[in-house]
Amino acid sequence: MSDFVITASDKHMKLATWNVNSLKVRLPHVLKWLEDNPVDILCLQELKTVDEKFPLAEIEAAGYHAVFSGQKTYNGVAILSRHPMTDVVKNNPLFEDTHQRIIAATIEGIRIICVYIPNGQSLDSDKFVYKMNWLKSLHEWVKAEMVRYPQLAILGDYNIAPEDRDVHDPAAWVGMTHVSAPERNAFRDLLGLDMKDAFRMFEQPEKLFSWWDYRQMGFRRNAGLRIDHILLTQPLAARCTECVIDKVPRKWEQPSDHAPVIATLS
DNA sequence: ATGGCTTTAAACTAAAGA
């Protein structure tokens, strides 16, 4: 009998991430998307609202627990989960930050880290220095967390297109943030902690992105970048059977400029 | 074309995003 007991780590799980670019504006999209895609865990970025205005009642009515870390106007992250969450941590304890860009929780034995990595603005800006310092500190923290939590996933908006094939027009992006060598090295350093980019574990369509510029009909021209990622430690990567980007909500009225990314664990 | 589009906060304009 005990041979057939299903333990938490054997449960089929779907993990997703979505930069919603204002939860106030996009709440109807989030609720509709969860109806169509009842994932176990959804990490959200760019809430752009304070915690007092987080739509907890609506999220709970949809069958989800929620933990969140918001601020006025900018940034803000949340984890929605069908299962209870424990050991919630807001921001990287190794990095003093006035921005709310990280929230972590343990769900069904999996350590989930939801990140909104800084944009960087331009390579010669103070914001780029901030982005690189932020990434360096994230690496240090994740390295330590992996020892405590062998089953660890980092989901979010990385604001890094890891390779040229993740960029609609690599020539047009030369010298821009999101594609520079230091940013790509920082992404590779995270993979170097023995993590897998879930999307690249599988055969994927060419030119599939997770963000498209609002301007100049970026989505219709497929002028996009793949900057939203799900990184998995080996024990989770071994269970990952699929990773997809869902372009459907990008076609809805008044969409976020990002699309959700979903990983399935067996 | 330091433009293009969207959001927020505030105030009829500016900052930030990517």
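Naming: A, B, ... by sequence-line order, numbering from 1 per chain. All values below were derived from every heavy atom in this structure, side-chain atoms included, with hydrogens, water molecules and symmetry-related copies excluded.
- If you check the side chains of A/D157 and A/W211, you find no donor sitting under 3.5 Å from an acceptor.
- B/dA18 sits 22 Å from B/dA14 when the P atoms are compared, rounded to a whole Å.
- Rounded to whole Å, atom P of B/dA9 lies 11 Å from atom CD of A/Q71.
- The phosphate of B/dT7 (OP1 or OP2) has no side-chain N or O of A/T73 nearer than 4.0 angstrom.
- In this entry the distance linking CE of A/M217 with C1' of B/dT6 reads 16 Å, nearest Å.
- In this structure, A/L123 CG and A/M132 CE are separated by 10.0 Å, a value rounded to the nearest 0.5 Å.
- In this structure, a donor-acceptor pair under 3.5 Å is absent between the side chains of A/T177 and A/Q121.
- Here the C1' atom of nucleotide B/dT8 and the CG atom of A/L27 are 17 Å apart, to the nearest Å.
- Here CG of A/N119 is found 6.0 Å from NZ of A/K131. Values are rounded to the nearest 0.5 Å.
- With both ends at atom P, the span from B/dA10 to B/dA16 equals 15 Å, rounded to whole Å.
- Remark: the A/H258 side chain and the A/N21 side chain contain no N/O donor-acceptor pair separated by less than 3.5 Å.
- Using P as the reference atom, B/dG3 and B/dT13 are 15 Å apart when rounded to the nearest Å.
- Expressed to the nearest 0.5 Å, how far CG of A/D40 lies from NZ of A/K14 amounts to 9.0 Å.
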Report summary line: Reading nucleotides 10-18 of chain B from 5' to 3' and marking B where a protein heavy atom lies under 4.0 Å of the base, S where only the sugar-phosphate is that close, and - otherwise, the string is S-----SSB
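- Residue A/Q254 has a polar side-chain atom (N or O) positioned under 4.0 Å from OP1 or OP2 of B/dT7.
- When rounded to the nearest whole Å, the span between CZ of A/R220 and C1' of B/dC5 equals 13 Å.
- With both ends at atom P, the span from B/dA15 to B/dG4 equals 15 Å, rounded to whole Å.
- Between A/S22 and A/Q216, the residue anchored nearer the 5' end of DNA chain B, judged by the nucleotide with its closest heavy atom, is A/Q216.
- The side-chain hydrogen bond (donor to acceptor under 3.5 Å, both in side chains) with A/H99 is formed by just one residue from the set A/Y116, A/Y130, A/W134; it is A/Y130.
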